[in-house]
*Asks:* 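Take this structure, written in structure tokens, and hold onto it; I'll ask about it next.
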Amino acid sequence: MLDLIIRNGEVVLADGPKKIEIGIKDGKIAVIAEEITEASADILDAAGQYVLPGMVDTHVHISEPGRTEWEGFETGSKALAAGGTTSYVEMPLNALPATTNKAALDLKLEAAKTQNYVDYAFYGGLVPGNIDDLEELDKAGVPAFKAFLSNVGSDTPGDFESVDDFTLYKGMKKLAELDQILCLHAENPDITSKLEAEFIREGKVSAMDYPDARPVFTEVEAVQRALLFAKETGCRLHIVHISTSEAVQEILKARAEGLDVTVESCPHYFAMSAEDVEEIGAYAKCQPPLRKKADHDKLWEELLNGNIDWLTSDHSPCTENLKTEANNLFEAWGGISGAQNNVDLMFDLAVKQRGLPIERFVELIATTPAKRFNLTNKGEIAIAKDADIIFLDPDESYTVTRENLYYKNKHSAYEGRKIGCRVTKTILRGNVVFDLEKGIIGEPKGELLTK
């Protein structure tokens, strides 16, 4: 006897949507057929909706422990569930201490184990002075590592630090030995920090000034340097939250030459441009910055041409005062709260408005990141995979309001925006954890994922 049957929906498989049924047993997909005749304890009717694998979001900042007032596992994972994410990989910074050794990882594991409404994993960090910690983090099961070729952190003890070139080189050699992936934030820190200081001195602190203070070439140069180091060391590489077409093209050239490198971008780089920041303000500030319209349009071409491997939220929350009390955009906290509006926003923009094939959309949000990070039970609707499934109503329009948000700090760059579709149900390993009418359902059922 099956535990659950999903009927009447358009189920999106690798070769496209099909009017078929899904049978679930013990948290796994057990049957996929035009009609399932076996008995079932429960039936879910997906009439009029797409049935998709849950999003695998590999770029989330939760900030617990140490800065839990920014975002905690409970509120962050609720927002992810409500937005259609069923697995996430949490970045090693913004929490205190940063996840750069086994002791810090253990603190995070303890804090997370009873609070998550979706499945989760943790990055290890590469920072100056922790080369000897990388192997222990690898043995503890982290699926990837993260480093910053940009300014990051603070003077607070235990906070994350940017890598210098020597640390990057030695770290990549070690991670190549471990067959690990290094994920990099790629911006030239020396140029961007000095340009920003110069702009502030000159009073050029508007939304249109900000991308000029972190120009396209500073992203491209950092990507080129990372690719050169990867070629020299043999380290597998992933470039996070790319904002420019020029950087994507450098990655494609390196891949054609045999480098093992992938690239992600984020919904905010497609949903908004620098021109929109003039109206939205600091809630839409991020790093790399939202680009001006011409660069924004070129990035859309890269996505639609299949040159971006997957999408992530880069959910980077903070207390609201860090957005509202700054003297200008340059001084405000640089991060966008986006975990709850990945699937619906990008489905609307890419599939509904621009004709992206829905099976390609599933690759972008689920299948490709799951494969790259070796999350073998995640990322697609297929026999024996975890029953991580979402329902999406392509015709259910709604406006983002604070009352909708599950974040600890209920602000969003998308507040007031109308989105032309909506996640109506999220299922984690066969359990409904979010329903549009009922909200979050039950106790946290999220489990730790290791490589």
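Numbering starts at 1 and runs along the sequence shown. Bear in mind that the values here come from a model prediction, so they are computed numbers and not experimental data.
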*Asks:* Asn409 and Glu71: side-chain donor and acceptor closer than 3.5 Å?
*Replies:*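 There is no such pair (donor and acceptor under 3.5 Å, judged by atom type) between the side chains of Asn409 and Glu71.
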*Asks:* Nearest 0.5 Å, what's the CG-CD distance between Leu405 and Glu415?
*Replies:* 7.5 Å
*Asks:* Taking Asp393 for the side chain and Gln49 for the main chain, is one N or O donor matched with an acceptor at less than 3.5 Å?
*Replies:* no
*Asks:* Start with the C-alpha gap between Lys18 and Glu34, add the side-chain angles, then the distance that decides, and say whether side-chain contact (heavy atoms from CB on, under 4.5 Å) holds.
*Replies:* CA-CA 9 Å; Lys18 300 183 186 303; Glu34 289 187 7; over 6 Å; no
*Asks:* Could you go through the side-chain contact (heavy atoms from CB on, under 4.5 Å) check for Ile20 and Leu13 one step at a time?
*Replies:* CA-CA 10 Å; Ile20 54 176; Leu13 304 178; 3.6 Å; yes
*Asks:* Run the salt bridge (Lys or Arg N to Asp or Glu O under 4.0 Å) test on Asp159 and Arg67 for me, step by step, so that the C-alpha distance in whole Å, both residues' side-chain angles and the decisive distance to 0.1 Å come before the verdict.
*Replies:* CA-CA 11 Å; Asp159 219 344; Arg67 288 195 179 104; 2.8 Å; yes
*Asks:* Where is the tightest heavy-atom contact between Ile390 and Gly84, given as atom of each residue plus distance?
*Replies:*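 Scanning both residues completely, I find the closest heavy atoms to be CG2-O, 3.5 Å.
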*Asks:* Any salt bridge between Glu250 and Lys253, counting N to O under 4.0 Å?
*Replies:*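 Lys253 and Glu250: salt-bridged.
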*Asks:* What's the spacing between Leu311 CG and Phe270 CZ if we round to 0.5 Å?
*Replies:* 6.0 Å
*Asks:* Please report the shortest heavy-atom distance between Ser243 and Tyr269, naming the atom on each side.
*Replies:* CB-CE2, 3.6 Å
*Asks:* Taking Tyr123 for the side chain and Thr58 for the main chain, is one N or O donor matched with an acceptor at less than 3.5 Å?
*Replies:*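 Here the side-chain-to-backbone pair exists.
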*Asks:* Any donor-acceptor pair under 3.5 Å linking the side chain of Asn341 with the backbone of Gly338?
*Replies:* no
*Asks:* Under the salt bridge (Lys or Arg N to Asp or Glu O under 4.0 Å) rule, what do Glu363 and Arg360 come out as? Steps first, then yes or no, please.
*Replies:* CA-CA 5 Å; Glu363 292 176 354; Arg360 173 60 185 148; 3.0 Å; yes
*Asks:* Applying the side chain to side chain donor-acceptor pair (under 3.5 Å) criterion to Asp314, which one of His61, Gln287, His185 satisfies it?
*Replies:*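 Only match with Asp314 under side chain to side chain donor-acceptor pair (under 3.5 Å): His61.
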*Asks:* Can a side-chain donor-acceptor contact be found between Ser313 and Asp57 if the only test is distance below 3.5 angstrom?
*Replies:* yes
*Asks:* Starting at CZ of Phe361, measure out to CG of Leu392 and round the result to the nearest 0.5 Å.
*Replies:* 7.0 Å
*Asks:* If you measure from OH on Tyr50 to OG1 on Thr424, what distance do you get to the nearest 0.5 Å?
*Replies:*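 Between atom OH of Tyr50 and atom OG1 of Thr424 there are 13.5 Å.
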*Asks:* Is there side-chain contact between Val432 and Asp42, with heavy atoms separated by less than 4.5 Å?
*Replies:* no
*Asks:* Spell out, as yes or no, whether a donor-acceptor pair under 3.5 Å connects the side chain of Arg255 to the backbone of Val261.
*Replies:* yes
*Asks:* Tell me whether Lys352 contacts the main-chain N or O of Gly420 through its side chain, where contact means a donor paired with an acceptor under 3.5 Å.
*Replies:* yes
*Asks:* What verdict does the side chain to side chain donor-acceptor pair (under 3.5 Å) test give for Asp344 and Tyr398, after you've listed the backbone C-alpha separation in whole Å, the side-chain angles of each residue and the deciding distance to 0.1 Å?
*Replies:* CA-CA 10 Å; Asp344 56 8; Tyr398 77 106; 2.4 Å; yes
*Asks:* For Trp310 and His238, I'd like to know if the aromatic rings sit close, meaning centre-to-centre distance below 6.0 Å.
*Replies:*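 They qualify: ring centres under 6.0 Å apart.
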*Asks:* At their closest point, which heavy atom of Gly9 faces which heavy atom of Lys19, and how far apart are they?
*Replies:* O-CD, 3.3 Å
*Asks:* Is it true that Asp309 and Lys371 make a salt bridge, defined as a side-chain N closer than 4.0 Å to a carboxylate O?
*Replies:* no
*Asks:* Kindly say whether Thr244 contributes a backbone atom to a donor-acceptor pair with the side chain of Glu219 at under 3.5 angstrom?
*Replies:*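 Checking the backbone N and O of Thr244 against the side chain of Glu219, a donor-acceptor pair under 3.5 Å is found.
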*Asks:* Kindly compute the distance separating CZ (Phe73) from CG (Leu80), expressed to the nearest 0.5 Å.
*Replies:*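 Separation between the atoms: 11.5 Å.
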*Asks:* Are the side chains of Pro317 and His411 in touch, meaning some heavy atoms are under 4.5 Å apart?
*Replies:* no
*Asks:* Is the closest side-chain heavy-atom distance between Thr401 and Asn404 below 4.5 Å?
*Replies:* yes
*Asks:* When rounded to the nearest 0.5 angstrom, what is the spacing between CG in Leu134 and NZ in Lys139?
*Replies:*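 Answer rounded to 0.5 Å: 12.5 Å.
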*Asks:* Measure the shortest side-chain to side-chain distance between Asp119 and Lys378 over non-hydrogen atoms and say whether it is less than 4.5 angstrom.
*Replies:*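 They are in contact (side-chain heavy atoms under 4.5 Å apart), so the answer is yes.
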*Asks:* Apply the test salt bridge (Lys or Arg N to Asp or Glu O under 4.0 Å) to residues Asp386 and Lys28: give CA-CA distance (whole Å), side-chain angles for both, the deciding distance (0.1 Å), then the verdict.
*Replies:* CA-CA 5 Å; Asp386 285 352; Lys28 300 283 187 180; 2.7 Å; yes
*Asks:* If we ignore hydrogens and angles and just use 3.5 Å, is the side chain of Thr85 paired with the main-chain N or O of Ser87 as donor and acceptor?
*Replies:*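 The answer is no, because no donor-acceptor pair under 3.5 Å joins these two groups.
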*Asks:* Answer yes or no: does atom CD of Glu443 have more than 12 heavy-atom neighbours from other residues, nucleotides or ligands under 6.0 Å?
*Replies:*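 Count not over threshold, so no.
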*Asks:* List the steps and the verdict of side-chain contact (heavy atoms from CB on, under 4.5 Å) for Tyr117 and Leu428.
*Replies:* CA-CA 8 Å; Tyr117 285 83; Leu428 176 70; over 6 Å; no
*Asks:* State, yes or no, whether a side-chain contact exists between Phe347 and Leu356 at a heavy-atom distance under 4.5 Å.
*Replies:* no
*Asks:* Please evaluate residues Thr426 and Thr86 with respect to the criterion side-chain contact (heavy atoms from CB on, under 4.5 Å), reporting the C-alpha separation (whole Å), side-chain torsions for both, the decisive distance (0.1 Å), and the verdict.
*Replies:* CA-CA 7 Å; Thr426 301; Thr86 50; 3.6 Å; yes
*Asks:* Is His315 close to Tyr88 at the side-chain level, that is, under 4.5 Å between some pair of heavy atoms?
*Replies:*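 Sidechains of His315 and Tyr88: no contact.
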*Asks:* Would you say Ile5 and Glu38 make side-chain contact, with heavy atoms under 4.5 Å?
*Replies:* no
*Asks:* What heavy-atom pair brings Ile308 and Ser265 nearest, and what distance separates the two atoms?
*Replies:*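 Closest heavy-atom pair between Ile308 and Ser265: CG2-N, 3.8 Å.
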*Asks:* Any non-hydrogen side-chain atom of Ser77 less than 4.5 Å from a side-chain atom of Gln115?
*Replies:* no
*Asks:* Is Lys298 salt-bridged to Glu301, going by a charged N under 4.0 Å from an acidic O?
*Replies:*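 No salt bridge links Lys298 with Glu301.
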*Asks:* Parallel, tilted or perpendicular: which fits the ring planes of Tyr120 and Phe122, with parallel below 30° and perpendicular above 60°?
*Replies:* tilted
*Asks:* With no hydrogens and no angle check, is any side-chain donor or acceptor of Lys445 less than 3.5 Å from a backbone partner on Val118?
*Replies:* no
*Asks:* Does Asn8 use its side chain to pair, donor to acceptor, with the backbone of Ala46 at less than 3.5 Å?
*Replies:*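 No: the side chain of Asn8 does not pair with the backbone of Ala46.
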*Asks:* With distance as the sole criterion, is a donor-acceptor pair present between the side chains of Thr319 and Glu69 under 3.5 Å?
*Replies:*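 Result is no, nothing qualifies.
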*Asks:* If every non-hydrogen atom of Glu275 is compared with every non-hydrogen atom of Arg291, which pair is closest and at what distance?
*Replies:*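 Residues Glu275 and Arg291, closest heavy atoms: OE1-O, 4.3 Å.
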*Asks:* Please identify which of these residues, Arg402, Lys408, Lys410, meets the salt bridge (Lys or Arg N to Asp or Glu O under 4.0 Å) condition with Glu320.
*Replies:*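 For Glu320, the salt bridge (Lys or Arg N to Asp or Glu O under 4.0 Å) check succeeds only for Arg402.
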*Asks:* Quick check: closest heavy atoms across Met55 and Thr312, and the distance to 0.1 Å?
*Replies:* CE-CA, 4.1 Å
*Asks:* Is the side chain of Tyr407 donor-acceptor paired with the backbone N or O of Ala339 at a distance under 3.5 Å, no angle test?
*Replies:* yes
*Asks:* So, are Lys78 and Glu74 salt-bridged, with charged N and O less than 4.0 Å apart?
*Replies:*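 Yes, this pair counts.
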